[in-house]
Amino acid sequence: MKFATWNVNSIRARLDRVLEWLDRVAPDVLCMQETKVTDELFPREPFERRGYRVMAFGQKTYNGVAIASRRPLESTERGFAKHCADPGCRLVAATTADVRVVNVYVPNGRAVDSPHFAAKLEWLRSLRRYLDDVARPTEAILVCGDFNVAPEDRDVYAPELFRNQVHCHPEERKALVEIAEFGLVDVFRRHHAESGLYSWWDYRLGAFHRNWGLRIDHIWASESLAARCTSVSIDREARKGKQPSDHAPVVVEIA
DNA sequence: ATGGCCGCTATGAGCGGA
């Protein structure tokens, strides 16, 4: 079983690239972020033609998350307003392929000295409270998406440049650790220890060409599920070519 | 090869992304 997460940076702008990728990689489940579209305008048909069900939770212009799955999407949840003061269209959850999938798009935070950064920290803390309330670490659960946090310096192309900056600030890294302490494993890091492996590269300055990137897109799994992971990869191919997203998909194979 | 920002909007400049 293949589960993937990808910040597509507008599903309508990226539709051809996403469909081409689905046809090539054929994941069982694809979690998308930054769909930037309301639910009635989400392009469901091409997914359904390929045998995927789609669950979308979006808004105009910004944010937006969606799950496409070849298996039924059950016990669906849109957002977590009960647990978060300002959730946005940034979390969607469903049980599919016998896994509880929580798909998140964590706020960017913009700058450490901005109120948006405080809101990001609060959002991350809310996610932990949400997990405590609705999930159990003993179940098969995946929490994946664009976390907008590089967990460690090996996830950053220039750690000294990003020291105490947004994506790398100790406070957000701590909030991420606290989410992990619910009982989740960063499955990418369980399979790959080296630095230089990223999931996002700026569109500017030939950043992808220079591998100036960050690993901010993650798949976290409960221990029982992590134990079934046979491989985890970042598909850099999807960042190449014409009109790519600035993020690459992360794919986990589960036995 | 994979380059020089991109996508969005009661667009035509400004905002947000990361």
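All chains are named by letter (A, B, ...) in the order of the sequence lines, taking the proteins before the strands, and each is independently numbered beginning at 1.
Remark: Glu48(A) pairs with Arg44(A) by the side chain to side chain contact (heavy atoms under 4.5 Å, CB included) rule, at least two apart or across chains. Asn164(A) meets the side chain to side chain contact (heavy atoms under 4.5 Å, CB included) test with His169(A), Pro170(A); sequence neighbours excluded.
Taking atom P on both nucleotides, dG16(B) is separated from dG4(B) by 24 Å, rounded to a whole Å. Nucleotides dA1(B) and dG14(B) place their P atoms 41 Å apart, quoted to the nearest Å. For the C1' atoms, the distance from dC8(B) to dG12(B) is 13 Å, rounded to whole Å. Comparing the same atom, C1', in dA10(B) and in dC6(B) gives a spacing of 22 Å after rounding to whole Å. With C1' as the reference atom, dT11(B) and dG7(B) are 12 Å apart, rounded to whole Å.
The aromatic rings of His83(A) and Phe80(A) sit parallel, their planes meeting at an angle under 30°, below the 60° perpendicular limit.
As rounded to whole Å, 13 Å separates atom P of dG3(B) from atom CD of Gln243(A). Protein atom CZ of Arg236(A) is 10 Å distant from nucleotide atom P of dT2(B), rounded to whole Å. For the pair Phe208(A) CZ and dC6(B) C1', the computed distance is 16 Å after rounding to whole Å. Taking atom NE2 on His209(A) and atom P on dG4(B), their separation rounds to 10 Å, with Å as the unit. Taking atom CZ on Arg239(A) and atom C1' on dC6(B), their separation rounds to 10 Å, with Å as the unit. We find that CZ of Arg210(A) is positioned 12 Å from C1' of dT2(B), with the value rounded to whole Å.
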* Could you check Trp220(A) against Asp186(A) for side-chain hydrogen bond (donor to acceptor under 3.5 Å, both in side chains), going step by step and ending with a plain yes or no? => CA-CA 5 Å; Trp220(A) 295 83; Asp186(A) 177 350; 5.4 Å; no
Side-chain donor-acceptor pairs of residues 62-69 of chain A under 3.5 Å, sequence neighbours excluded:
residue  : atom : partner  : partner atom : Å
Asn63(A) : OD1  : Arg90(A) : NH2          : 3.0
Asn63(A) : ND2  : Gln59(A) : OE1          : 3.3
Ser69(A) : OG   : Arg71(A) : N            : 3.0
Ser69(A) : OG   : Arg71(A) : O            : 3.1
Ser69(A) : OG   : Thr96(A) : OG1          : 2.7

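Aromatic pair Tyr157(A)/Phe162(A): ring centres closer than 6.0 Å. The distance between the ring centers of Trp123(A) and Phe117(A) does not fall below 6.0 angstrom.
In Gln243(A), the CD atom is not crowded: 12 or fewer heavy atoms of neighbouring residues, nucleotides or ligands sit closer than 6.0 Å.
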* Structure fact -> Protein heavy-atom contacts under 4.0 Å, written 5' to 3' over nucleotides 8-18 of chain B as B (base), S (sugar-phosphate only) or - (none), form the string SSS-----SBB
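For DNA chain B, no neighbouring residue in residues 17-26 of chain A is found when judged by any heavy atom under 4.0 Å. Near DNA chain B, defined here as any heavy-atom distance below 4.0 Å, there are no residues from residues 153-164 of chain A.
For Arg24(A) and Glu20(A), the salt-bridge test fails: no basic side-chain N is under 4.0 Å from an acidic carboxylate O.
Side-chain atoms of Gln33(A) come within 3.5 Å of backbone atoms of Asn7(A) as a donor-acceptor pair (strictly under, hydrogens ignored).
Partner of Phe188(A) under the side chain to side chain contact (heavy atoms under 4.5 Å, CB included) criterion, chosen from Asp217(A), Ile219(A), Val251(A), Leu197(A): Leu197(A).
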